[in-house]
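Here the structure is laid out as structure tokens; the discussion comes afterwards.
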Amino acid sequence: MNFAEGFKIDIDKNAMATVAKSVEKLNFFTLPDGSDGYAEFKALQKALDRERYDLLMETSEGKSGVSIFSRGSNIISDLVILVEDQKEGDLIVIELKGKFTQEALAKATSQVN
């Protein structure tokens, strides 16, 4: 969660520990540098929309950004975090499966202005 500091996202460590305990499965992917990886990254964003994932949070700074997508209403079953750093060429996809409440997620993270 160190990437959150670069995007001015406050993380409540106690609340994040509660969220972490709800994780049943974690998938972590890095996409290759270059136009093919970037095209796959953008296609994944569109596919999440087609699969009825909701955009939970999005933040950006320059050409870098973090988008968090969720599936579910009161109980969220899937979280997909897309991290894009065009300056460094990093494209990262993190998928969390489990049972998360909206309240726990809201408490764990908050956007700083």
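Note that the structure is predicted; figures quoted are calculated from it, not measured.
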Looking only at non-hydrogen atoms, find the nearest pair between I92 and F41 and report the distance.
O-CE1, 3.8 Å

Where do E58 and S67 come nearest, in terms of heavy atoms and distance?
OE2-OG, 3.3 Å

Report the distance from atom CD of E95 to atom CZ of F28, rounding to the nearest 0.5 Å.
13.0 Å

Rounded to the nearest 0.5 Å, how far does CD of E51 lie from CG of L44?
10.5 Å

If the condition is salt bridge (charged side-chain N to carboxylate O under 4.0 Å, His left out), which residues does D85 pass it with, not counting sequence neighbours?
none

Residue list, salt bridge (charged side-chain N to carboxylate O under 4.0 Å, His left out) with K99, at least two apart or on another chain
none

Side chain to side chain contact (heavy atoms under 4.5 Å, CB included) with L96: which of V23, N27, I76?
V23

If the test is side chain to side chain contact (heavy atoms under 4.5 Å, CB included), which one of I68, L79, L48 qualifies with Y53?
L48

Is there side-chain contact between L56 and F69, with at least one heavy-atom pair below 4.5 Å?
no

Would you say that I81 contacts V66 through its side chain, given a criterion of any heavy-atom pair below 4.5 Å between the two side chains?
yes

Using a 3.5 Å distance criterion without hydrogens, assess whether the side chain of R52 forms a donor-acceptor pair with backbone atoms of G72.
no

Please identify each residue that fulfils side chain to side chain donor-acceptor pair (under 3.5 Å) with Q45, with sequence neighbours left out.
K42

